[in-house]
**Q** 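First the structure, then my questions, so here it is.
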Amino acid sequence: MCHSELRSIQKNLNQFHAVGIRPVAISVDTPETNRQMLSQAGYTFTFLSDPNVETIRSYDLVHAGQGEGGHDIARPAEFLLDSQGVVRWVNLTENYWVRARPEQILEAGALLK
Amino acid sequence: MNIKRFNWQIWAGFVLTIVAGFSFPFFFVNFPLTRDFPWANLLLFAAAAALLFFGLKRAFAATKSEDGGPKRSTLSKIVASGLTILSVLIIGLFMFSFFVMARWLPPSTGAPSVGQKAPEFTLSDSTGKTVSLSELISSPIPAQANTSAPKGLLLIFYRGHW
């Protein structure tokens, strides 16, 4: 339902690439679902599937029982990692509707070398 | 229907309340400015509340109303009250879901913080190919002309279809 964040990433994808940031989206959706969504919405960046909530759990982002049929899903969160895989910026929203904006992320991208 | 008798304010207020509520998930959520804080919806709700107020006033006017219509029937008072109560419920539900329910998120105190190394993972992309975090960091962005590895990775966790 709320894909405005993913859309805003796609819209600014050239700017992200220009500063050397690779966006990667992660959810519990299967590759099949992602493939359909990508072709429908026209997203051209990487979408990864974590149907067993393993990665989402290792990042402590599980929102228990909030998915379809009471499945565990991810709460919204954004991390900016540097080339060593170290977190340089993180956004854990306190309100489901409030998400990181592209300009915020691009600003944080200045921290990368 | 006699347009002078028709209590249009109460109906307009009710319809505007519904529009104000549904315009968030179906329209205003698409723009960060109206998504992060629902000021557009709050303005619409305020306009709806004003209409409902004047509609109620009209329905419960003790004497002949200034528009020349007769004193309103009991039915019109019941309808006006009912629509107002429904509208108040809708507004309350919206406020509750935006300002209270939307904050029911796990605290995620164990999430990697600034300065920590992000946990490694290996997941399938939309073509079914498995990719690891370290591969994403060390391999060039396919869409880019230059072949150097990215300076950074933006991980976006989202809830997915439900």
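We name chains A, B, ... by the order of the sequence lines, and we start the count at 1 in each one. All figures in this text were calculated on a predicted structure; none of them were measured in a lab.
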**Q** Side chain, backbone, both or neither: which part of A:I9 has a heavy atom under 4.5 Å from chain B?
**A** side chain

**Q** Mind ranking A:L61, A:N34, A:L13, A:L38 by heavy-atom pairs under 4.5 Å with chain B and telling me who comes out on top?
**A** A:L61

**Q** Could you check whether atom CD of B:E135 has more than 12 heavy atoms from other residues, nucleotides or ligands sitting under 6.0 Å from it?
**A** yes

**Q** With only heavy atoms counted, which part of B:F26 is less than 4.5 Å from chain A, the side chain, the backbone, both or neither?
**A** neither

**Q** Please classify the contact of A:T30 with chain B as side chain, backbone, both or neither, using a heavy-atom distance under 4.5 Å.
**A** neither

**Q** By a 4.5 Å heavy-atom criterion (distance strictly below it), what part of B:S138 contacts chain A: side chain, backbone, both, or neither?
**A** neither

**Q** Atom CD of residue position A:E107 - does it have more than 12 heavy atoms of other residues, nucleotides or ligands inside 6.0 Å?
**A** no

**Q** Counting heavy-atom pairs under 4.5 Å to chain B, which of A:A25, A:A108, A:A77 comes out on top?
**A** A:A77

**Q** Can you get from B:L52 to B:L43 by hopping between Ile, Leu, Val, Met, Phe, Trp and Tyr side chains that sit under 4.5 Å apart?
**A** yes

**Q** Under the criterion side chain to side chain donor-acceptor pair (under 3.5 Å), I'd like the reasoning laid out for A:Q66 against B:R159: C-alpha separation, chi angles, the key distance, then a yes or no.
**A** CA-CA 9 Å; A:Q66 291 299 304; B:R159 63 178 299 151; 5.1 Å; no

**Q** Quick one: which of A:R75, A:E78, A:Q36 has the most heavy-atom pairs under 4.5 Å with chain B, could you say?
**A** A:R75

**Q** Under a 4.5 Å heavy-atom cutoff, which of B:G128, B:S134, B:P38, B:G115 has the most pairs with chain A?
**A** B:G115

**Q** Quick check for you: among A:T46, A:V86, A:N91, A:L81, which has the greatest number of heavy-atom pairs under 4.5 Å with chain B?
**A** A:L81

**Q** For B:F99, I'd like to know if atom CZ has over 12 heavy atoms of other residues, nucleotides or ligands within 6.0 Å.
**A** yes

**Q** Return yes when atom CH2 of B:W39 has more than 12 non-hydrogen atoms of other residues, nucleotides or ligands closer than 6.0 Å, and no otherwise.
**A** no

**Q** Could you tell me whether A:R99 sits above the aromatic face of A:Y96, with NZ or CZ closer than 6.0 angstrom to the six-membered ring centre and within 45 degrees of the axis?
**A** yes

**Q** I need the residue from B:S113, B:P107, B:P112 with the largest number of non-hydrogen atom pairs under 4.5 Å to chain A.
**A** B:P112

**Q** From A:F45 CZ over to A:Q10 CD, what is the distance, rounded to the nearest 0.5 angstrom?
**A** 6.0 Å

**Q** Following the transitive rule for hydrophobic clusters with a side-chain heavy-atom cut-off under 4.5 Å over Ile, Leu, Val, Met, Phe, Trp and Tyr, establish whether A:L112 and A:V19 coincide in one cluster.
**A** yes

**Q** Charged N to carboxylate O below 4.0 Å: is that the case for A:R57 and A:E54?
**A** no

**Q** Quick check on A:I105 against chain B: is it the side chain, the backbone, both or neither that has a heavy atom closer than 4.5 Å?
**A** side chain

**Q** Heavy-atom pairs under 4.5 Å with chain B are the metric here; pick the option from A:A100, A:G109, A:A74 that has the most.
**A** A:A74

**Q** Contact part of A:R35 toward chain B, heavy-atom cut-off under 4.5 Å: side chain, backbone, both or neither?
**A** both

**Q** In terms of heavy-atom proximity below 4.5 Å to chain A, should B:T130 be classed as side chain, backbone, both, or neither?
**A** neither

**Q** Where on A:L92 is there a heavy atom nearer than 4.5 Å to chain B: the side chain, the backbone, both, or neither?
**A** side chain

**Q** I'd like to know which of B:G110, B:P119, B:P150 tops the heavy-atom pair count under 4.5 Å against chain A.
**A** B:P119

**Q** What part of A:L80 lies closer than 4.5 angstrom to a heavy atom of chain B: side chain, backbone, both or neither?
**A** both

**Q** Can you hop from B:L105 to A:I26 via hydrophobic side chains spaced under 4.5 Å?
**A** no

